[in-house]
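The block underneath contains the structure these notes are about, expressed in structure tokens.
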Amino acid sequence: SARLMATLRATDLIARMGGDEFTIITEHLLRREDAALLADKAALTRRTEILKAAMTVGDSITSQLEIRDVLQAVVERATVLMRAKISSLMLVDEKTNQLVLECVYGSTPEYIEKPNLDIDNSLLGRVVRTGRPLRVRDVRICPQYTHRDLARTEGLVSLLSVPLKWRDNSMGVLNVY
């Protein structure tokens with residue numbers, strides 16, 4: 001709401017409806033076009049935030065020589081940008097055919113200590129195999145999700161997992177909870 005308040009006039013009122021939904025109560029708008037302009041201004045604030053996050057990751061990539069630091073910056077920015085609880089990045093270990101946790105942000109030690117995932121027999125492995133993103137509404141009850149108990153303990157619910165690709169090969173996955 002602070003970002004929205006910065007885009008409004010002192011006489012405007014903002015109310016949270018739930019989650020990320022807000023209502024703006026304003027007076028002295030004489031035309032529908034004025035209301036549309038106000039809505040566009042609020043939407044631009046969010047787009048600006050997304051672009052700033054992308055620029056931060058881009059700056060991090062170009063300014064750092066350590067790949068681990070770059071990957072950690074990507075995970076941190078994904079967490080902040082998506083307003084998530086935890087984000088993690090897992091890379092393919094071709095020798096063991098497993099996904100190995102490389103970077104994480106926002107987790108407990110228990111999450112970090114979870115075992116590697118077999119690419120052929122895991123939900124996140126499917127993202128690597130297909131090269132397509134995956135969305136799970138509730139990992140706590142998803143039978144294919146390997147660590148349901150840990151998800152309950154960590155307070156994780158929804159998951160978005162996207163493949164990390166180099167040319168046509170999936171090198172790993174970025175997971176946002």
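Remember, predicted model here, so these are calculated numbers, not experimental data. We count residues from 1, following the sequence as given.
Atom CG of L117 sits about 12.5 Å away from atom CG of D93, to the nearest 0.5 Å. In this structure, S158 OG and R137 CZ are separated by 9.5 Å, a value rounded to the nearest 0.5 Å. One distance of note links NZ of K95 with CG of N97; it measures 13.5 Å at 0.5 Å rounding. The line from CD1 of I86 to CD of E154 is 4.0 Å long, rounded to the nearest 0.5 Å. To the nearest 0.5 Å, atoms CG (N175) and OG (S87) are separated by 8.0 Å. Once rounded to the nearest 0.5 Å, the distance linking CE of M90 with CG of L164 reads 11.5 Å.
No single ILVMFWY cluster, assembled from side-chain heavy atoms under 4.5 Å apart, contains both V75 and V128. Linking ILVMFWY side-chain heavy atoms closer than 4.5 Å, directly or via other members, places L91 and L160 in a single hydrophobic cluster. Residues V104 and V100 do not share a hydrophobic cluster, defined by chaining ILVMFWY side chains whose heavy atoms lie under 4.5 Å apart. Grouping the Ile, Leu, Val, Met, Phe, Trp and Tyr side chains by contacts below 4.5 angstrom, directly or via other members, places Y111 apart from L89. V176 and I112 fall into different hydrophobic clusters, defined by Ile, Leu, Val, Met, Phe, Trp and Tyr side-chain heavy atoms under 4.5 Å apart, directly or through other members.
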Q: Take L159 and L124 through the side-chain contact (heavy atoms from CB on, under 4.5 Å) test and state the conclusion after the steps.
A: CA-CA 10 Å; L159 163 67; L124 297 179; 3.8 Å; yes
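For N169 (side chain) and M171 (main-chain N/O), no donor-acceptor pair under 3.5 Å exists by modelled atom type. No donor-acceptor pair under 3.5 Å is formed between the side chain of Q98 and the backbone N or O of V92. Side chain of R140 to backbone of A151: no donor-acceptor contact under 3.5 angstrom is found. Not one N or O on the side chain of K85 forms a donor-acceptor pair closer than 3.5 Å with the backbone of L156.
Pairing each heavy atom of S161 with each of V173, the nearest pair is OG-CB, 3.7 Å. C142 approaches V136 most closely through the heavy-atom pair CB-CG1, 3.9 Å. Considering all non-hydrogen atoms of both residues, A78 and L174 come closest at CB-CD2, 4.2 Å. Across P143 and R148, no two heavy atoms sit closer than the pair O-NH1, 2.9 Å. Considering every non-hydrogen atom in both V127 and V162, the closest pair reads CG1-C, 3.8 Å. Closest non-hydrogen pair, P163 versus P133, comes out as CD-N, 3.8 Å.
Other residues, nucleotides and ligands contribute more than 12 heavy atoms inside 6.0 Å of the NZ atom of K114. Counting non-hydrogen atoms of other residues, nucleotides and ligands closer than 6.0 Å to OH of Y105 gives a total of 12 or fewer. For CZ of R129, the number of neighbouring non-hydrogen atoms (other residues, nucleotides, ligands) closer than 6.0 Å is greater than 12.
The side chain to side chain contact (heavy atoms under 4.5 Å, CB included) with Y145 is formed by just one residue from the set L150, D138, L123; it is L123.
The shortest side-chain heavy-atom distance between I119 and L99 falls under the 4.5 Å cut-off.
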